[in-house]
Structures are given as C-alpha cells and as structure tokens.
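Here is the structure we will look at, set down as structure tokens.
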Amino acid sequence: MPLTVMEAEAVQAELRQLLDLTGPGPRRPARVAGVDVAYDGDRLAAAVTVLDGTTLEVVEEVAVDGRASFGYVPGLLAFREVPSLLEALGRLSAPPDLVVCDGYGLAHPRRFGLACHLGVLTGLPTVGVGKTAFVGVHAEPAAERGSWTDLTLDGDVVGRVLRTRDGVKPVFVSVGHRVDLDTACHNVLNLTPRYRLPETTRTADRLSRRRLAENRRTGLVESAQHDETR
DNA sequence: GCGACAG
DNA sequence: ATCTTGTCGC
C-alpha cells in the first residue's frame, strides 16, 4: 500500500509533532550506530553498524535485504529508507545510545528529514550528516578541522556546515531527535579522527554494499524473505 | 514559469 | 544512490 507524495507529506506533518528538540543528548555515548542503504535497482540492502563510542571499533552489525517501495523524491527520502532501517535496528542485541544518519534532520524543507523521522519512530537520539547541500544558505567555514558556519533556512539556524578535516570539503550536520546541535557536532568530530565522514557512516556504507554484492553473487536474494503482496 | 533538489 | 579511468597524494 504505497503512499502518494501528498500522503507522505501529511505523515511528516503528523510525526513532526512528536519531535523532541530539547536535547542535550549523549556527549559520551557508549554505543554509536551508523545506518545506510545501498541500491541495485529497486533492490536494496540496509545496514546498521554499532561502534564503541571510545575506540570506534565495530561491536555489532546487522544487514537486511529489501525493496524500494517509494521512489526518490527530494524531501521524502525517509519513506524510501526508513522501513528497512527500522527492521535492521530492531535486530540489534541492544539499542544504541546515538544513531548517525546519512542525510539531513531538521535542515529540511518541512523541518523533518530522515534523521528526525528515524528518531521519532525509534525514540532514539539521532543526528543527520549530509555530504552535499540540500537546503539552506551558509558561508564557507575556515579551513581548519572543527571550524563551522551556520546553515540557515528561512531565517532559522537549522544546522551547521562543519569541517571535519583540514582543507577538505565540509559536511552538513543537523539534529534529528533528542540531541542539540552542539552535541551533534561534538559527536561528529569524535567520529571523524581521520576521514571526512564519520566512521559510523563509513562502516555502515561498506556493510550495505558488501551485502548487495553478496546477494548479486549468490542469487539467493530474499526468496526466503517476505514475498510480494499476492 | 523554470530550475534545483539529502540518498 | 549509481554509472565510471586515470590520477594526485600520503
């Protein structure tokens, strides 16, 4: 029972009322999860990797197969990825203390991006880390790691453009659920000791792609999974 | 009205 | 997201 664009926007407005922006959120999370989805046509693999918040070692992984039941529509990305991500998160042995999402949170046309959506549905603290500009205006942050500038939309500060490596293109950080912007950026910097992107998104990205490749090679796919609605 | 537009 | 070769740099 696929949603239309109008219905999806109505759902966002409804879930938006459950969003908790009071923060502050965990500053020293013991377990931090990264989530990502890889695609092969309408087939997909959703992955969750949980890292030790101190050592950044991967302590748990879950990958699930699925199908994209909603096309990519800017502003409605969550409807494409959230279903599978919920399934993957649900299979963890224990919930993480923080979830780092690929994409935006509050920095969204209707202030309810993927990170907010996943946060409200799981009740977990979430932050969004985008790799490219989506909405809002901003100045270029200084070249040093840790420098940042406001990401503004309609006069509101909805996120930060944060430099995670000296002289390297910055990332776009916005809060999702139950975390404030300072805490979100603090965590993103802790998760980027060496590369531009947080270790959480790097490990989740690799896991989702690895899963797709295995499926492609094995040909088993999800025949033993949920069959289509017949 | 015409583009731009997270992943 | 994904399609794709070589190339620059640590």
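Since the model is a prediction, treat every value here as computed from it, not as a measurement. Each chain gets a letter, A, B and so on, in the order its sequence line appears, and its residues count up from 1.
Between Thr203(A) and Leu207(A), the closest side-chain pair of non-hydrogen atoms is not below 4.5 Å. When side chains are defined from C-beta on, Arg194(A) does not count as touching Arg165(A), because their heavy atoms never get closer than 4.5 Å.
Heavy atoms of Ala107(A) sit nowhere under 4.0 angstrom from any nucleic acid atom. Note on Gly128(A): nothing from the nucleic acid sits closer than 4.0 angstrom, heavy atoms only. Among the atoms of the strands shown, base atoms are found under 4.0 Å from some heavy atom of Gly113(A). Among the protein residues, Tyr39(A) comes within range of the sugar-phosphate backbone only, with heavy atoms under 4.0 Å from sugar or phosphate atoms but none that close to a base.
Both the sub-6.0 Å distance and the 45° axial angle are satisfied by Arg202(A) relative to the ring of Tyr195(A). Both tests hold for Arg80(A) against Tyr39(A): distance to the six-membered ring centre under 6.0 Å, angle to the ring axis within 45°.
Separating the CG atom of Leu77(A) from the C1' atom of dA1(C) is a distance of 9 Å, rounded to the nearest angstrom. As a whole-Å value, the separation of Arg43(A) CZ from dT2(C) P is 13 Å. When the C1' atom of dT2(C) is taken as reference, atom CG of Leu44(A) falls 14 Å away, rounded to whole Å. Separating the CZ atom of Phe79(A) from the P atom of dA1(C) is a distance of 21 Å, rounded to the nearest angstrom.
Between Arg209(A) and dT2(C) there is a side-chain N or O to OP1 or OP2 distance below 4.0 Å.
With a heavy-atom cut-off of 4.0 Å to chain A, the contacted part of DNA chain B has its first and last nucleotide at dC5(B) to dG7(B).
Using modelled atom types and a 3.5 Å distance limit, the side chains of His186(A) and Arg28(A) yield a donor-acceptor pair. Side-chain atoms of Ser93(A) and Glu60(A) include a donor-acceptor pair closer than 3.5 Å.
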